[in-house]
Amino acid sequence: MESSVPFIVLGLLYAYLLYLSWTPDTLKLMFASKYWLPELSGMAKMFSSEMTLASAWIHLLAVDLFAARQVFQDGLQNQIETRHSVSLCLLFCPIGIVTHFVTKAVAKTAADDRHKMH
């Protein structure tokens, strides 16, 4: 959990796959709207390429791993259980982050209640 090596490896792999998937239409597809924001139809066309899909998968792995590491470190710092939240971060990142905040709030409430009793 302390090593940066997985992020470096995933970052290099992501850059390589992104390079392989880049086409002259990539920017046009990404920023197709008049507001220079991605539109679902353009994103769907981009992700029809296996190489683009592979780069997106690596991107998600890196983000999920980073979030899981942050949750784990926050749990250590605050002395709360994180196994469930870390597991969820690796599978369904936003849900893992939410469960960590819920766990943290429940743990804080329980600790406050224990202090009130003494």
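Numbering of residues begins at 1 and proceeds along the displayed sequence.
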Practice item. In plain terms, say whether Asp112 and Lys116 are close enough for a salt bridge, that is, a side-chain N and a carboxylate O under 4.0 Å apart. Key: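 Salt bridge between Asp112 and Lys116, a charged N being under 4.0 Å from a carboxylate O: no.
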
Review point. So do the side chains of Leu61 and Trp57 get within less than 4.5 Å of each other, counting heavy atoms only?
Key: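 Yes, close enough: below the 4.5 Å cut-off.
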
Check your understanding: Do Thr103 and Thr82 come close enough that some side-chain heavy atom pair is under 4.5 Å?
Key ->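 The answer is no, as the side chains (C-beta and beyond) never meet within the 4.5 Å cut-off.
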
Review point. Is there a path of hydrophobic side-chain contacts, each under 4.5 Å between heavy atoms of I, L, V, M, F, W or Y residues, that connects Phe47 with Trp22?
Key: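 Yes; tracing contacts between hydrophobic side chains, which count when under 4.5 Å, links both residues.
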
Review point. Would Leu13 and Leu65 show up in the same hydrophobic cluster when neighbours are defined by side-chain heavy atoms closer than 4.5 Å?
Key: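 Leu13 and Leu65: one cluster.
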
Point to revise | Pairs meeting criterion salt bridge (Lys or Arg N to Asp or Glu O under 4.0 Å) with involvement of residues 36-60, two or more places apart | key: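 Sorted result for residues 36-60: empty, none.
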
Review point. For Leu91, does the CG atom have more than 12 heavy-atom neighbours from other residues, nucleotides or ligands under 6.0 Å away?
Key: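 Count over threshold, so yes.
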
Practice item. Please round to the nearest 0.5 Å and tell me the distance separating atom CG of Asp25 and atom CE of Met46. Key: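 With rounding to 0.5 Å, CG (Asp25) is 11.0 Å from CE (Met46).
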
Practice item. Using the side-chain hydrogen bond (donor to acceptor under 3.5 Å, both in side chains) rule, collect all pairs that involve residues 59-70, keeping only residues at least two apart or in two chains. Key: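 Sorted pair list comes back empty.
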
Exercise for review: Look only at the side chain of Ser87 and the backbone of Arg83, and say whether a donor-acceptor pair between them is shorter than 3.5 Å.
Suggested key: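 Checked: pair present.
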
Exercise for review: Without swapping roles, check the side chain of Thr26 against the backbone of Thr23 for a donor-acceptor pair under 3.5 Å.
Suggested key: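 Indeed, once roles are kept as given, a pair shorter than 3.5 Å links the two residues.
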
Review point. With sequence neighbours excluded, what pairs up with Thr99 under the side-chain hydrogen bond (donor to acceptor under 3.5 Å, both in side chains) test?
Key: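 Expected list: Ser85.
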
